[in-house]
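Single-structure report; data block below.
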Amino acid sequence: MKKFITCIIFLFYLSFAYTQEIESHFVYFDSDQSQLNDDALDLIENLSIRCASLSDYSMEIIGHTDEDGTHSYNDVLAKKRASRVEAHLMGMGVPAERMTVQSYGEQQLLSFEYLDQEISKSKNRRVEIILSFVVLESMEDLLTHLETDPVQFYSLYSEETIDLLLSHGTEIKIPANAFVFENGLPVEGMVELEIKEAFNYNQFLQHDLTCMSDDRLLESGGMLYVGATAGGEKIRLKEGTEMEIRYPLQDVKENMELFYGESTGLEEPVNWAVAEQPVGITMSSAGIDTDWDWSPILEVEIEKKDYPRFSVRRMRAKPTKPKAPYEPRKPVLQKKENIHVPLSRWQKFMYSDQKIMTLRDEKFNQHVDDFNKAMAKYERKYDVYEKAKDEYEINLQSYFSDVKEWKNEVQLKFDEIQKYQEEYRNYNYHMSGYHALRFLNMKKDSLDQEKLEAMFSFLLYSTPESNSIPFYQKVFGKKFRSIFREADLNYRSSYNRYEQNLSPEVAELRTKFNQERRKHIFLNKERISSRDLGNYTMTSAQLGWINCDRFTNYTGERKQVAVNYQPGERYYLVFNDIKSMIQPRREGDRLVFNNIPKDMKTTLVGLKIENEQAQLYYEHVPFEKEVSLQPQFKSATISEIQEVMQSLEG
């Protein structure tokens, strides 16, 4: 049984290669309102216009309230405000998938140094719009950002056999103790692998890859980069050691060869040098007439298992954080000279200074009386506040203790779900063997060879992990993702490949099935097929860029495609019927693609950066012997460029 090694995998998205900027905008609301005023509408309109000029962006919309009203009421009001802003942005053309919405009610109050409390409250009645966008400063920024798949990093031990399944389905097997330093000394301990896969045009662009071997056109079956370091030093495969590579399942074509990437050092694309090594093709066993010998498989006995039951109870809600008591505001005694006596113009003219002073004294005395009453009220409120504050501190400590206990409980629930999922997967795998044997006993004389073999195909592959989300929802509710984030956990994604913990009976069945299958195919195809059907297999004695390609060997008429270009523009000729993409050569003030098969369908794609925004041009090339094109660029988002490249896949 093939066992995928357990290792640390870092997904590294190359986000450092381009500049990410963040802007915050605020929409303010009247008290107890979620309606957008004129200022808010103007801000949203300007923001939507700005978004339309960006190549790539995301927007976070966060609703808030002031402290008036109950906690639950403010939560609802904050959601209404955030949703109202989102809806209006959508109406102005901002796609829903670009926006995320959340609300905090009165939980994130901002403090302002205003004497007027109403002004402070007005600043908290807000929706914050956080705009994150990419600034494309160079063509390299654009190419890096076109592909969202990460470069893959693996940390593992050189003394163990390395058996990896990559994100796009490529499999790599490297023998134990295969690495040496550049000086030939053996590598011991941890090694770091950097791996890139390139199977589509977006990935070709990201890694600046084209399909040319010197001046000959190639058709690609997939490109792969494998780099290795130990202790920060570059390492290589030792002499006589090869790594096995199996490309993902695809429509196989004959005459594929192994190519190694050569760098010219002149900022030119990688040139592919043929390794004089043919690529193996694992063939489907369909059409083989010789009968299997099913008797060794029929000897295996598998008992029926009971269906595992899911009995994990519903998780309790997260403890609610106690609300801090509001400290009463201490009254202020104004000085007598600051007391204002309101007088009309006639009174100011008729009253003497003594009269005005008497009025001020009366008003000040009234102010003192009011102040004394307010101070008495303040002292009573402050006594209540002090008690509430002490109680709050106690409740806060209890809250932290409850949250810690709650997180531990979440982890236990998580572990229980994972344990059940493992039981469920193993049950399914075991019962697949049970039913396949029953079917074989009943139908071995009436069904053809291919259908019988298909019944046991589950033994050839590790199966996908069953969907965990319904179980998470049953235990944690629909907000299980936010619960996991609050508990600092990462829920396992659904449908990861999973290698079964085989029962002895199924392990025996799998071994005998694979033995008979390999024997059967070897006798009829003179080749032992690999574990997967319908893919390319090869061995490589060196690291770096590795390509599974073939020469097109086109014998028809050729044509030339010329492009009038400006500095900073980059062009690619993409073939629509085969997987191939090339770059031009510069001839004077033109870029030229030479020796292009005249009758092959091709598309010219141009990219450039203008005012920090991506510009795209693409045009189908006419079937003429000499073609001269005048590109007309248009603004495009990252996703629009990706969609165009995807549409050109052969």
Using the rule side-chain hydrogen bond (donor to acceptor under 3.5 Å, both in side chains), only one of Ser213, Ser220, Ser580 pairs with Asp549; which is it?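 Filter result, single survivor: Ser220.
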
Does [X] reach the side chain of [Y], with side-chain heavy atoms less than 4.5 Å apart?
| X | Y | value |
| --- | --- | --- |
| Glu171 | Glu244 | no |
| Met59 | Arg98 | no |
| Arg570 | Lys608 | no |
| Asp415 | Gln411 | yes |
| Thr539 | Met243 | no |
| Thr511 | Leu509 | no |
| Tyr307 | Met431 | no |
| Thr552 | Leu218 | no |

Have a look at Tyr225 and tell me which of His207, Glu197, Lys196 forms a side chain to side chain contact (heavy atoms under 4.5 Å, CB included) with it.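 Only one of His207, Glu197, Lys196 forms a side chain to side chain contact (heavy atoms under 4.5 Å, CB included) with Tyr225, namely Lys196.
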
Donor-acceptor pair, distance only, cut-off 3.5 Å: does the side chain of [X] make one with the backbone of [Y]?
| X | Y | answer |
| --- | --- | --- |
| Thr210 | Met212 | no |
| Gln203 | Phe199 | yes |
| Thr170 | Leu166 | no |
| Lys304 | His435 | no |
| Asn271 | Asp214 | yes |
| Ser158 | Val191 | no |
| Tyr260 | Ala275 | no |
| Glu640 | Thr637 | yes |
| Glu159 | Asn177 | no |

Point-to-point distance, once rounded to the nearest 0.5 Å, from [atom1] of [X] to [atom2] of [Y]:
| X | Y | atom1 | atom2 | result |
| --- | --- | --- | --- | --- |
| Ile578 | Arg550 | CD1 | CZ | 8.0 Å |
| Ser401 | Leu396 | OG | CG | 11.5 Å |
| Glu242 | Lys173 | CD | NZ | 13.5 Å |
| Phe133 | Ile22 | CZ | CD1 | 9.0 Å |
| Ile302 | Leu437 | CD1 | CG | 4.5 Å |
| Ile174 | Leu193 | CD1 | CG | 5.5 Å |

Derivation and outcome, side chain to side chain donor-acceptor pair (under 3.5 Å), residues Glu257 and Asn547: CA-CA 8 Å; Glu257 297 184 67; Asn547 197 350; over 6 Å; no

Centre-to-centre under 6.0 Å for Tyr201 and Tyr572, is that the case here?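 No: the rings miss the under 6.0 Å criterion.
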
Is the number of heavy atoms from other residues, nucleotides or ligands under 6.0 Å of [X] [atom1] greater than 12?
| X | atom1 | result |
| --- | --- | --- |
| Glu303 | CD | no |
| Glu97 | CD | yes |
| Asn183 | CG | yes |
| Glu301 | CD | no |

Considering residues at least two apart in sequence or located in another chain, which fulfil the salt bridge (charged side-chain N to carboxylate O under 4.0 Å, His left out) criterion with Glu409?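 With neighbours one apart ignored, the set is Arg316.
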
Set out, in order, the CA-CA distance, both residues' side-chain angles and the distance that settles side-chain contact (heavy atoms from CB on, under 4.5 Å) for Asp208 and Gln583, then state yes or no. CA-CA 10 Å; Asp208 201 20; Gln583 288 190 29; 3.0 Å; yes

Tell me the closest heavy-atom pair linking [X] and [Y], and the distance in Å.
| X | Y | answer |
| --- | --- | --- |
| Met538 | Tyr247 | CE-CE1, 3.8 Å |
| Phe575 | Met581 | CD1-N, 4.5 Å |
| Gln542 | Leu237 | N-CD1, 4.1 Å |
| Trp272 | Leu209 | CZ2-CD2, 4.1 Å |
| Ala614 | Ile641 | CB-CD1, 3.9 Å |
| Val187 | Ala230 | CG1-CB, 3.7 Å |

Lys579/Glu219 ion pair, N-O < 4.0 Å: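 The answer is no: the pair does not qualify as a salt bridge.
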
Is a salt bridge present between Asp402 and Lys407, judged by a nitrogen-to-oxygen distance below 4.0 Å?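 No, this pair does not count.
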
Looking at Tyr427, I'd like to know if the NZ or CZ of Lys305 sits under 6.0 Å from its six-membered ring centre while staying within 45 degrees of the ring's axis.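 No, Lys305 and Tyr427 do not form such a contact.
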
Answer yes or no on whether Arg246 is positioned over the face of Tyr536, meaning its NZ or CZ is under 6.0 Å from the six-membered ring centre and within 45° of the axis.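 So Arg246 doesn't make the cation-pi contact.
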
ring-ring contact (aromatic ring centres under 6.0 Å, His included) against Phe551, all qualifying residues, sequence neighbours excluded: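 Result, ring-ring contact (aromatic ring centres under 6.0 Å, His included) vs Phe551: Phe259.
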
